[in-house]
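All values below come from the heavy atoms of this structure, side chains included, with hydrogens, waters and symmetry mates left out. All values reported here derive from a predicted model rather than from experimental measurement.
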Amino acid sequence: MELLQRISRVTKDYLGILSEESLRRNFVLVYELLDEVIDFGYVQTTSTEVLKSYIFNEPIVVDAARVPALGPASLFMQGNKRMPGTAVTKSVVANEPGGRKREEIFVDIIEKISVTFSSSGYILTSEIDGTIQMKSYLTGNPEIKLALNEDVTIGRGGSSAYGYGSSVGSGAVILDDCNFHESVHLDNFDLDRTLSLVPSDGEFSVMNYRMTQEFKPPFRVTALIEEAGALKAEVIIKIRAEFPSSATANTILVQMPLPSYTSRVSFDVEPGAVGQLADFKEANKRLEWSLKKIVGGAEHTLRAKLTFSQETHGNLTKEAGPVSMNFTIPMYNASRLQVKYLQIAKKSKTYNPYRWVRYVTQANSYVARM
């Protein structure tokens, strides 16, 4: 699995975007890459840096606007005009028009959230799997200092299996455990929570972390199903956004399996709801409710009337559910882990590369039991 991930990352570094079209157009280059990465079934190297001296084909750049990307980079800040939209989909080896490289570096804090709610709305389990990704387009590979919140504590007792003691005591951000890329120096990590590293070309994970301490889930989900007469039942699903109104979740999808003998479903979507769609997938007896976006603090309710083809025998809640939810929230993270600053060693007085720090939260397994 690790090898496959690394091959996809190296390919993305070279082609800029990982899609069917880019693979088709760069078939010879990808073949050459695989030839260098693996020899006689043995892995040689997956470092973009090392491969540069062996790979001679130039990538054919595919227009990212036309192609849906196959990675989390495509989810970032599409609505925000400050950041160049094609930035994350550039090849690290191809030059800009005019032969010059734009000096810039991207740091992405990506968090995948797993939460299970009980039928009464209590949180049964909650976990965050986070990663700090870096993609560097800096020439000469200067040293970088990346500072996290000073109140980050690793391990429940303030110290961890890695031997990093905590000088802070009980911090506001408590990570269960974490690991770092081999290029990261942790000399000052205990003192002021700074990581120093010389970034290699291409994309890599600076740090992976896990958090199971109590945190505020971005959404509260409650679901209810009850009988409403002979061969009929009603479902009510409520979702409330618990994050600040400055953030907006997009591409939200709520799904719920219905009893196998459900024959028809009619929906009652709230008045004035824009970008909401409710559907009954008859083939696999599933209710689907999609919302284009939800602003922080908002609450939405869906009511559905079910018609059954036979009498219900037993408990409806055992035959329906659980409700699962998918979403993406750009520029928000539930763990409150933050990059305080990004310092790049100066080569000259005029050297001032662009720095982009972005946050995104996604649902991994977000479930509410009936």
Could you check whether any side-chain heavy atom of [X] comes within less than 4.5 Å of a side-chain heavy atom of [Y], counting everything from C-beta outward?
X	Y	result
E49	N141	yes
E311	L231	yes
P244	Y332	yes
M331	R358	yes

So, does [X] use its side chain to make a donor-acceptor pair with the main chain of [Y] at under 3.5 Å?
X	Y	answer
D13	E203	yes
H185	D187	no
K285	T262	yes

Q) If you measure only the distance, is there a donor-acceptor pair under 3.5 Å linking the side chains of T45 and S47? A)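 Side chains of T45 and S47: no pair found under 3.5 Å.
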*Does a side chain donor of either Q338 or Y359 reach within less than 3.5 Å of an acceptor in the other side chain?*
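There is no such pair between these side chains.
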**Report entry** T194 OG1 to I144 CD1 distance, which is reported to the nearest 0.5 Å
**Finding:**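 With rounding to 0.5 Å, OG1 (T194) is 13.0 Å from CD1 (I144).
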Q) With under 30° as parallel and over 60° as perpendicular, where do the rings of F27 and Y31 fit, or are they tilted in between? A)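 Tilted.
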(Q) Hydrophobic clustering (ILVMFWY, side-chain heavy atoms < 4.5 Å, transitive) - are Y54 and V43 grouped together? (A)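 V43 and Y54: separate clusters.
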Check: With the 4.5 Å side-chain cut-off for hydrophobic clustering, are L186 and L175 part of the same group?
Finding: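 The answer is yes; both residues are in one hydrophobic cluster.
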Partner set under side chain to side chain contact (heavy atoms under 4.5 Å, CB included) for R24, not counting sequence neighbours:
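Once residues adjacent in sequence are excluded, the partners of R24 under the side chain to side chain contact (heavy atoms under 4.5 Å, CB included) criterion are E20, E21.
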